[in-house]
Amino acid sequence: MHRFFGPCLPMLKDARVLDVGCGKGTTTFYAALCGAKEVVGLDPEASGSTSGSTQTFSKIREELGLEQCILEPTDFMAYSTETPFDLILLYNSINHIREVTSDIRRDEAARESQSRVIAKIAKVLKPNGWVVLCDAGRRNLFGDLGLRSPLAPTINWKTHQTLGAWRRLLAENGFGDFCHNWYVPYIVPWAGILLDNPVSNYLTFSHFVLRGRKIK
Ligand SMILES: C[S@@+](CC[C@H](N)C(=O)[O-])C[C@H]1O[C@@H](n2cnc3c(N)ncnc32)[C@H](O)[C@@H]1O
């Protein structure tokens with residue numbers, strides 16, 4: 001979580017946060033425990049979901065007494081709010097909102113579909129608000145060789161996009177001040193020296209976190 005939020009972690013204090021595709025609410029509850037005043041967890045239990053995750057969300061919310069966390073079982077593209085958010089989080093969910101299997105750098109229709117998702121993020125975010133997202137990338141050594149990765153055996157790389165493709169779409173929709181990290185397992189933080197770069201990432205986990213500010 002610390003690596004996911006990175007420099008956005010202090011911004012959680014007193015913030016209004018939207019966690020898109022929250023699942024059982026790990027990021028929702030973490031944001032609340034870091035001081036967010038309201039966190040809306042959005043999840044219709046759609047593509048990529050684990051069955052029963054919304055019940056788990058409600059159970060954890062009650063056990064932790066985090067009344068500022070609200071679960072909305074709504075499709076993000078159908079969601080509307082009168083008050084835009086300070087931060088929007090997408091933890092392994094951005095590719096599921098409108099799933100495409102082609103590369104958005106080459107397929108115009110797929111690019112248009114994902115651009116609508118990014119435009120929606122911009123719409124429900126305040127000016128100067130931040131989006132923080134993480135996902136698997138599209139390119140991985142094992143995937144490119146047609147093999148199942150021992151490090152990410154359940155990932156279908158074709159349903160994901162590259163960090164650069166998401167950053168370009170965000171820039172086209174008024175975002176800037178980007179920063180990113182490549183995946184480092186939390187149990188070996190010292191391995192960041194070896195893993196936090198695009199080459200090691202391609203050879204191993206192919207997973208990234210990207211953050212951007214709504215500047216226009
Ligand atoms: C891979 S899971 C990630 C769940 C959670 N963020 C986590 O990391 O544990 C993707 C989530 O996105 C949700 N999802 C899929 N389509 C969605 C949509 N259109 N709007 C909001 N959430 C969606 C799924 O229901 C699922 O819970």
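Note: hydrogens, waters and symmetry copies are ignored here, and every other heavy atom, side chains too, is used. Start at 1 with the first residue, then count along the sequence. Order of listing sets the numbers, starting from 1, for every ligand and every atom in it.
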Close-contact set for ligand 1 against Glu45 heavy atoms, below 4.0 Å: 25 (O)
Lys214 (side chain) donor-acceptor with Ala122 (main chain) under 3.5 angstrom: yes
Salt bridge (Lys or Arg N to Asp or Glu O under 4.0 Å) between Asp196 and Arg3, worked out: CA-CA 11 Å; Asp196 198 355; Arg3 275 187 78 80; 3.1 Å; yes
Any N/O pair Pro44/ligand 1 closer than 3.5 Å: no
No-hydrogen, no-angle side-chain donor-acceptor test under 3.5 Å, Ser200 and Asn197: yes
Atom 15 (C) of ligand 1 [closest protein heavy-atom partner, distance rounded to 0.1 Å]: Ser47 O, 3.2 Å
Top protein contact for atom 2 (S) of ligand 1, by heavy-atom distance: Gly48 O, 3.2 Å
Phe5 and Tyr30 aromatic ring geometry - parallel, tilted or perpendicular at 30°/60° bounds: parallel
Which residue and heavy atom of the protein sit nearest atom 25 (O) of ligand 1, plus the separation: Asp43 OD1, 2.6 Å
For Ser93, the ligand 1 atoms whose distance to one of its heavy atoms is below 4.0 Å: 12 (O)
Which of the ligand 1 atoms, numbered from 1, are nearer than 4.0 Å to a heavy atom of Cys22: 5 (C), 6 (N)
Nearest-neighbour protein heavy atom for atom 4 (C) of ligand 1, which is reported as residue plus atom name and distance: Gly21 O, 3.4 Å
Option set Phe76, Tyr91, Tyr79, criterion heavy-atom distance to atom 8 (O) of ligand 1, minimum: Tyr91
Taking every non-hydrogen atom, the tightest pair across Ala31 and Leu89: CB-CD1, 4.4 Å
Ligand 1 versus His96: contacting region, heavy-atom distance under 4.0 Å: both
Thr162 side chain to Ala165 backbone, donor-acceptor under 3.5 Å: yes
Modelled atom types, side-chain donor and acceptor of Asn140 and Ser149, under 3.5 Å: no
4.0 Å heavy-atom contact, Ile97 with ligand 1: yes
Taking atom 19 (N) of ligand 1 as the reference point, the nearest protein heavy atom with its distance: Asp75 OD1, 3.1 Å
Distance filter under 4.0 Å to Asn92 heavy atoms, resulting ligand 1 atoms: 1 (C), 2 (S), 3 (C), 10 (C)
Under 3.5 Å side-chain donor-acceptor pair for Glu99 and Thr159: no
Trace of the side chain to side chain donor-acceptor pair (under 3.5 Å) decision for Asp144 with Tyr202: CA-CA 10 Å; Asp144 287 351; Tyr202 171 72; 2.8 Å; yes
